[in-house]
Amino acid sequence: MAFTFSNAQIADLFEEITAALIVQNDDRFRIRAYENAVSIFRQLQEPIEYYWQNKLLGTITGIGTIFARKIDELFTTGKVAEFDAIRQSLPAGMFGLLPVEGIGPKNAFKLANIFKLADRETAPAKLLESAKNGQIRGLEGFGEKSEAQLIDNITRYLLAGTVTRIPLYRADQIVTEIGAYLGACPAIQTFSPLGSHRRRKETVGDIDIGITTQQPKVVSDYVALIPKISKIVAKGDGMVRIIYGEGIDVDFKIVDPGEWGSLLQHFTGSKAHNVALREMAVTRKMSMSEHGMKIKGAWQRFTQEDKFYQSLGLDHIPPELRENLGEIEAAKNHSLPNLVTLADIKGDLHTHTNYGWVNSHDAGLSSVDELADTAVALGYEYLGVGDHNPSISTYNVDEIIKQIQKRSRFIEQIKNSYEKRVKKSTIKLFNALEIDIRSDGALAVPDAGINLLDYAVVSIHSSFKQTAEQMTERIIKGLSHPKAKILGHPTGRLIGKRDPIAANWDSIFGFCVTNGKAIEINASPDRLDLTDILVKKAILLGVKLVIDTDAHHHSTLFGMQSGIDVARRGWATKADIINTWDAAKLTQWLIK
DNA sequence: GCCGTTTTCGGCCCGACTGTTTTCAGTCG
Ligand SMILES: Nc1nc2c(ncn2[C@H]2C[C@H](O)[C@@H](COP(=O)(O)OP(=O)(O)OP(=O)(O)O)O2)c(=O)[nH]1
Ligand SMILES: [Mg+2]
Ligand SMILES: [Mg+2]
Ligand SMILES: [Zn+2]
């Protein structure tokens with residue numbers, strides 16, 4: 001296979017073809033199929049190449065025989081002849097203009113044509129030149145205002161660079177900030193962050209906020225005066241869209257309190273979920289939107305979201321599931337999963353203390369006592385007391401074993417003294433380590449050391465770029481030790497910083513099911529892996545998961561919710577998550 | 001181009017704002 005393409009590359013390719021088809025006034029439903037394919041490609045968490053190799057493209061809803069054939073052609077020949085022909089019929093510069101806010105396919109084409117923009121990289125800057133020279137205002141369909149907008153939008157685009165999505169923890173901070181401002185407005189009855197933020201997606205493209213009021217004009221004006229506003233993109237009685245702070249898009253939708261239920265539904269999305277619901281309404285001769293349900297020309301209003309779903313015969317769907325990935329069907333059949341909640345969690349199995357050996361990676365900052373006290377405060381039944389394995393560049397094999405013997409005695413002492421000090425507590429402390437899976441799959445601790453532990457979390461911390469085959473073999477080898485019970489932060493990705501490893505997850509999941517291993521959902525805000533869609537797949541195959549904070553400080557033990565969010569997006573119930581089990585059941589499963 | 005518990009043909013979500021428009025196309029959500 002000489003040709004390889006990432007999912008992002010394929011999504012970008014289809015996105016450009018979508019734009020080209022719009023320019024060519026192609027069939028709007030064909031265009032919709034292309035748009036749909038783009039969002040599917042961006043959502044997939046395994047390589048399209050993997051689907052292609054295993055002839056699984058046809059199993060993806062929205063990818064039919066024609067799209068599958070085009071992808072086959074792409075991987076086989078390195079290009080799609082039809083796509084190349086379509087693109088070559090258009091000025092290349094138009095594709096460089098598309099990322100600019102307010103420039104869609106039609107205008108991108110028109111402007112690239114008029115100003116002979118043949119190069120996509122330089123197109124925005126060149127167009128900006130022409131706009132600044134007043135060459136836009138005279139064009140048909142443009143005027144002084146649109147010229148000024150164009151200048152502003154291109155300038156912002158050139159300054160901001162490529163679009164990056166906002167990590168959810170950062171979005172939480174922004175939401176709190178904006179919430180403080182909205183809360184101070186007497187005219188606002190209720191407000192709530194919606195969109196992908198409410199669905200708890202790992203990153204959000206923007207911040208979406210729904211508002212109810214009986215004075216929409218007052219609220220619209222109030223919102224537009226928010227501190228740190230950079231620009232009003234659009235504003236009416238029903239909505240305000242702004243650029244906020246360092247260039248974050250914030251969408252406000254403002255409705256009458258009587259429409260809150262339908263607004264919650266609409267503005268939470270996802271788009272694919274909404275479209276599927278609306279198509280369902282259409283088959284029942286109804287029409288739905290953020291304003292309610294239109295039945296025989298008459299609007300029915302909803303103050304409550306669950307009632308809105310009910311009007312379609314559906315159970316209330318948890319926001320985390322609203323991705324049009326089977327949740328509507330499940331809501332119809334009353335078979336939605338009973339998703340895991342924070343209250344179900346009974347312990348944390350991946351932590352780091354300040355124990356004083358030279359760690360292979362960052363050591364923790366808190367003492368065992370501090371971690372245990374916090375775990376008790378959280379009402380936990382057990383806690384995995386962990387460290388990274390001793391650094392193999394600092395210690396030789398014998399020294400590593402001696403170090404672990406010493407640490408095991410230390411933990412034993414702590415357990416005794418802790419149980420004396422905190423008499424009421426019955427918290428169970430496990431002697432655990434996080435051990436590197438080295439590039440050949442060997443664990444960084446010899447057996448004689450591992451066997452002193454209650455269990456080990458094994459993780460990839462190096463050589464992230466191996467092939468999927470190598471990596472899969474490596475991980476399975478690493479998990480093969482009986483004490484290796486948990487695969488830590490399995491994809492190795494750091495949101496916005498490091499891509500996930502390539503691996504054959506089907507094989508790894510299969511191994512875990514057969515051999516009684518759990519896969520971690522790491523709650524660190526920049527990890528959040530295993531990722532949501534792979535969680536769903538793992539659970540379908542029967543894999544057990546564990547949600548860990550990977551705390552390097554005792555306060556971080558409080559950060560479990562972000563892992564719960566991921567688990568819920570992966571359809572996880574209490575039964576799927578081993579650290580919802582009580583100490584007896586967990587111990588029996590974990591300690592070998 | 002995709003899809004199927006009325007269909008393998010004939011459907012395919014719905015709405016807000018902007019600017020230039022004389023009735024609406026484009027863009028975005
Ligand atoms: N019915 C319908 N609803 C839409 C459409 N586009 C967006 N919405 C709704 C559902 C979305 O979740 C919500 C907010 O739009 P966004 O573009 O901000 O998307 P979302 O927040 O889901 O994802 P994001 O992380 O912002 O990219 O508006 C659409 O084309 N049709
Ligand atoms: Mg959004
Ligand atoms: Mg939005
Ligand atoms: Zn780690």
Side-chain angles (χ1 to χ4, degrees), chain A residues 14 17-19 21-23 25-40 57-58 60-71 82 97-111 136-150 153 194-196 204-210 216 220 224 232-242 249-255 259 262-263 265-294 299 312-313 324 329 332-333:
Chain A
F14 274 70
I17 299 308
T18 308
L21 294 176
I22 290 169
V23 170
N25 291 316
D26 206 282
D27 179 74
R28 48 195 274 255
F29 300 109
R30 186 166 176 247
I31 290 167
R32 221 183 89 169
Y34 273 81
E35 280 171 347
N36 191 231
V38 171
S39 45
I40 289 167
L57 285 168
I60 303 170
T61 306
I63 309 300
T65 50
I66 294 173
F67 284 163
R69 230 180 0 247
K70 297 209 186 304
I71 289 165
E82 188 199 334
L97 299 179
L98 289 172
V100 179
E101 167 80 32
I103 305 185
K106 297 275 188 178
N107 285 330
F109 170 74
K110 197 177 192 175
L111 294 166
I136 304 288
R137 62 185 68 187
L139 303 174
E140 201 192 329
F142 290 87
E144 280 185 38
K145 282 183 178 174
S146 51
E147 182 181 85
Q149 274 307 312
L150 202 63
N153 287 331
L194 305 174
S196 49
V204 302
D206 67 356
I207 307 284
D208 302 295
I209 295 179
S220 175
I232 297 171
V233 178
K235 182 177 178 298
D237 291 350
M239 62 88 82
V240 183
R241 172 147 64 251
I242 65 170
D249 292 327
V250 186
D251 283 354
F252 302 88
K253 270 182 96 74
I254 303 160
V255 298
E259 298 183 5
S262 51
L263 180 72
Q265 192 292 308
H266 163 77
F267 212 25
T268 298
S270 65
K271 176 182 171 180
H273 176 87
N274 288 0
V275 170
L277 286 186
R278 287 171 184 210
E279 284 178 344
M280 191 173 168
V282 169
T283 66
R284 299 173 185 204
K285 309 242 180 294
M286 305 189 287
S287 171
M288 66 184 282
S289 78
E290 57 266 50
H291 302 299
M293 192 71 72
K294 200 162 60 178
W299 281 101
L312 284 170
N324 194 29
E329 188 69 4
K332 197 169 12 178
N333 302 333

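Order of the sequence lines fixes the chain letters, A, B, ..., with proteins taken first and strands second; residue numbering starts at 1 for each chain.
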Side chain of Ala234(A) - closest among dG15(B), dT27(B), dT18(B) | dT18(B)
Thr61(A) vs Ile40(A) side-chain heavy atoms within contact, under 4.5 Å = no
Look at all strands and tell whether Ile63(A) reaches a base, only sugar-phosphate, or nothing, counting heavy atoms closer than 4.0 Å.
-> sugar-phosphate
Below 4.0 Å: OP1/OP2 of dC14(B) and any side-chain N or O of Ser287(A) = yes
For Asn153(A), report the nucleic acid contact type (base, sugar-phosphate, nothing); a contact means any heavy atom under 4.0 Å.
-> nothing
Out of dA16(B), dG29(B), dG1(B), whichever nucleotide has its closest atom nearest the side chain of Arg30(A) = dG1(B)
Please check the phosphate of dT20(B) (OP1 and OP2 only) for any side-chain N or O of Ser146(A) closer than 4.0 Å.
-> yes
Interatomic distance at P, dG1(B) relative to dT6(B), whole Å = 28 Å
Expressed in angstrom and rounded to an integer, what is the separation of Arg278(A) atom CZ from dG15(B) atom C1'?
-> 7 Å
Side-chain touch Met239(A)/Lys235(A), heavy atoms, less than 4.5 angstrom | no
Between P of dA25(B) and CG of Asn25(A), the distance in whole Å = 11 Å
Is there a side chain to side chain contact (heavy atoms under 4.5 Å, CB included) between Phe14(A) and Glu35(A) once you walk through the steps?
-> CA-CA 8 Å; Phe14(A) 274 70; Glu35(A) 280 171 347; over 6 Å; no
Give one of base, sugar-phosphate or nothing for Glu144(A), where a contact means two heavy atoms less than 4.0 Å apart.
-> sugar-phosphate
Please work out if Thr61(A) contacts a base, only the sugar-phosphate, or nothing of the nucleic acid, heavy-atom cut-off 4.0 Å.
-> sugar-phosphate
Could you work out the separation of dA16(B) and dT21(B) based on their P atoms and round it to a whole Å?
-> 24 Å
Would you mind classifying the nucleic acid contact of Asn274(A) as base, sugar-phosphate or nothing, using non-hydrogen atoms under 4.0 angstrom?
-> nothing
Where do Met293(A) and Ser262(A) land on the side chain to side chain contact (heavy atoms under 4.5 Å, CB included) test, with the steps shown first?
-> CA-CA 8 Å; Met293(A) 192 71 72; Ser262(A) 51; over 6 Å; no
note: Ile254(A), atom CD1; dG29(B), atom C1'; distance rounded to Å ~ 14 Å
Measure the distance from CG on Asn107(A) to P on dC24(B) and round it to the nearest whole Å.
-> 19 Å
Over how many whole Å does the gap from Phe252(A) atom CZ to dC17(B) atom C1' extend?
-> 16 Å
Just how far is it from atom CG of Leu277(A) to atom OG of Ser289(A), taken to the nearest 0.5 Å?
-> 12.5 Å
Quantified in whole Å, what is the C1' atom distance between nucleotide dC3(B) and nucleotide dT8(B)?
-> 9 Å
Starting at atom CG of Leu277(A), determine the distance to atom P of dC12(B), rounded to an integer number of angstrom.
-> 16 Å
Nearest nucleotide by nearest heavy atom, which residue falls closer to the 5' end of DNA chain B, Asp249(A) or Lys253(A)?
-> Lys253(A)
Can you tell me the pairing partner of dC14(B) across any strand shown, Watson-Crick or G-U wobble, with both distances under 3.5 angstrom?
-> dG29(B)
Distance from Ile22(A) atom CD1 to Lys106(A) atom NZ, nearest 0.5 Å?
-> 8.0 Å
Rounded distance in Å - CD (Gln149(A)) to C1' (dC28(B)) = 14 Å
Select one nucleotide: of dG15(B), dG1(B), dC17(B), the one nearest the side-chain heavy atoms of Glu290(A).
-> dG15(B)
Do Ile136(A) and Glu144(A) come within less than 4.5 Å of each other through their side chains, counting heavy atoms only?
-> no
With respect to the phosphate group of dG1(B), does any side-chain polar atom (N or O) of Asn36(A) fall under 4.0 Å of OP1 or OP2?
-> no
Mind checking Lys235(A) for me? I need base, sugar-phosphate or nothing, with any heavy atom below 4.0 Å counting as a touch.
-> sugar-phosphate
Lys145(A) side-chain proximity, nearest of dG29(B), dT20(B), dC12(B) | dT20(B)
Hey, which of these two, Tyr34(A) or Asp251(A), hits DNA chain B nearer its 5' end, going by closest nucleotide?
-> Tyr34(A)
What is the nucleic acid contact for Asp208(A), judged by heavy atoms within less than 4.0 Å: base, sugar-phosphate only, or nothing?
-> sugar-phosphate
What integer number of Å spans the C1' atoms of dT7(B) and dC2(B)?
-> 14 Å
With a 4.0 Å cut-off on heavy atoms, is Arg28(A) in touch with a base, just the backbone sugar-phosphate, or nothing at all?
-> nothing
Which one, dC12(B), dG15(B), dG1(B), comes nearest to the side chain of Val282(A)?
-> dC12(B)
Looking only at atom P, what distance separates dT27(B) and dT20(B), rounded to whole Å?
-> 14 Å
Picking from dG1(B), dT18(B), dG15(B), which would you name as closest to the side chain of His291(A)?
-> dG15(B)
Whole-Å distance separating the CG atom of Leu57(A) from the C1' atom of dC2(B) = 15 Å
